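Data first, discussion second: the structure below is written as structure tokens.
Please read these numbers as outputs of a predicted model, since none were measured by experiment.
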Amino acid sequence: MLDIIIGLLMLLSAFASLHSKDLLKSGVFFVVFGFMSGLLWIRLSAPDIAMVEIILGSAITSILIFKLSRGVRDIGIKPKLWRRLWAGAGSLVLFVFLTFYLFTVREEERVGGLVFEKLSLSGVESPVTAVLLNFRGYDTLLEVGVITLAVIGILALEPKRKIYEWNDIVVWRFSKIFLPIIALFSLYITYLGAFSVGGAFQGGSLLAGGLAFLSLSGQKLPIRENPTLFLAVLSLAVFVAFAFVYALVGHGFLTYPLELSTLSIMLIEISICISTGMLLYIAIRGRL
């Protein structure tokens, strides 16, 4: 019954977010949708994904949406009806396709079985981390590249954008005191990803949440622009370096030798955690 209620609330919040005439209300409903998605992942025994969904989908994304909606309202841009119809039709087709696939795929072809069969060759004990950084490393490398390029695009488009701040003494003190604790815990979550729930994106999203809170309070990290940019592109550089080094010594692009796979994945995970946090921090500030 609880799953049905959460599912219905997700549908209602998504519908309200898409069709609300007030962009601010639309953003609020999107936050509710992200929170409900997080609850659903918890019900599916995936607390690591729930953490990412709530932090990114419900918190950080909402900040970006509210800033964007203010800009859209200022210049009088409204979403057109045909775009909504196309989005709805595309979503319906995707929903029908996925539903058909789930009910027709054979047991031996399910990805879960294949992952657990090869898990001992991945270098980690977590099947999610094995997929993200070993079996489907290409996908993750491209995702890291897309996020990095998107933030570089933000820097190029709006170098003088006004930073959104929430001037409150409680927020100011809370963000400053708890940021070191959040940073330490995000690294712990990243470390856990090799063995259990957790991982680089989960830890990175948690770090980004702490940095976003710091930015909202009107503060910034006490580091210069060049080190900030270096930390932002660190994961892409580390990922590509591992890929090419192993390719040059004959193992193949993004193919880790078994004896070095655990160390390689851990180093890549730590770099992704740091860069994800820095990239989202830069995206919210609009500058280094």
side-chain hydrogen bond (donor to acceptor under 3.5 Å, both in side chains) partners for [X], two or more places apart:
{"X": "Thr190", "answer": "none"}
{"X": "Tyr246", "answer": "Ser264"}
{"X": "Ser37", "answer": "none"}

Could you state whether [X] and [Y] fall into the same hydrophobic cluster, counting links through intermediate Ile, Leu, Val, Met, Phe, Trp or Tyr residues with side-chain heavy atoms under 4.5 angstrom apart?
{"X": "Leu39", "Y": "Leu11", "answer": "no"}
{"X": "Ile282", "Y": "Leu149", "answer": "no"}
{"X": "Leu184", "Y": "Ile270", "answer": "no"}
{"X": "Ile268", "Y": "Val245", "answer": "no"}
{"X": "Ile181", "Y": "Ile189", "answer": "yes"}

Looking at [X] and [Y], what are the two nearest heavy atoms and their distance?
{"X": "Cys273", "Y": "Leu187", "answer": "SG-CD2, 4.3 Å"}
{"X": "Gly123", "Y": "Ser261", "answer": "CA-OG, 3.2 Å"}
{"X": "Leu119", "Y": "Ala130", "answer": "CD1-CB, 3.7 Å"}
{"X": "Leu211", "Y": "Gly277", "answer": "CD1-O, 3.5 Å"}
{"X": "Leu258", "Y": "Ser120", "answer": "CD1-O, 4.2 Å"}

Looking at [Y], is its backbone amide N or carbonyl O close enough to the side chain of [X] to form a donor-acceptor pair, meaning the two atoms are under 3.5 Å apart?
{"X": "Thr140", "Y": "Leu132", "answer": "yes"}
{"X": "Thr129", "Y": "Gly193", "answer": "yes"}
{"X": "Ser186", "Y": "Gly204", "answer": "no"}
{"X": "Ser17", "Y": "Ser13", "answer": "no"}
{"X": "Ser215", "Y": "Ala212", "answer": "no"}

Can you list the residues that meet the side chain to side chain contact (heavy atoms under 4.5 Å, CB included) rule with [X], with sequence neighbours excluded?
{"X": "Leu142", "answer": "none"}
{"X": "Thr148", "answer": "Val144, Ile152, Val233, Leu236, Leu279"}
{"X": "Thr99", "answer": "Phe95, Phe103"}

message: Quick test of your reading: applying ring-ring contact (aromatic ring centres under 6.0 Å, His included), list the pairs with at least one residue in residues 257-288, sequence neighbours left out, ordered by first then second residue.
response: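 As it turns out, there is no ring-ring contact (aromatic ring centres under 6.0 Å, His included) pair with a partner in residues 257-288 once direct neighbours are skipped.
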task: Please collect all ring-ring contact (aromatic ring centres under 6.0 Å, His included) contacts where either partner lies in residues 123-155, sequence neighbours excluded, each pair once.
output: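 Residue pairs with at least one partner in residues 123-155: Tyr138-Phe253.
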Counterpart residues, ring pair (Phe, Tyr, Trp, His ring centres under 6.0 Å), relative to [X] (two or more places apart):
{"X": "Phe185", "answer": "none"}
{"X": "Phe29", "answer": "none"}
{"X": "Phe178", "answer": "Phe174"}

Any non-hydrogen side-chain atom of [X] less than 4.5 Å from a side-chain atom of [Y]?
{"X": "Leu254", "Y": "Leu141", "value": "yes"}
{"X": "Leu133", "Y": "Ile272", "value": "yes"}
{"X": "Ile182", "Y": "Leu206", "value": "yes"}
{"X": "Leu221", "Y": "Met278", "value": "yes"}

Inter- and intrachain pairs under side chain to side chain donor-acceptor pair (under 3.5 Å), touching residues 218-239, at least two apart: Ser175-Gln219, Ser217-Gln219, Ser235-Ser275
Starting at [atom1] of [X], measure out to [atom2] of [Y] and round the result to the nearest 0.5 Å.
{"X": "Asp3", "Y": "Leu8", "atom1": "CG", "atom2": "CG", "result": "11.0 Å"}
{"X": "Phe33", "Y": "Leu40", "atom1": "CZ", "atom2": "CG", "result": "9.5 Å"}
{"X": "Glu269", "Y": "Ile265", "atom1": "CD", "atom2": "CD1", "result": "7.5 Å"}

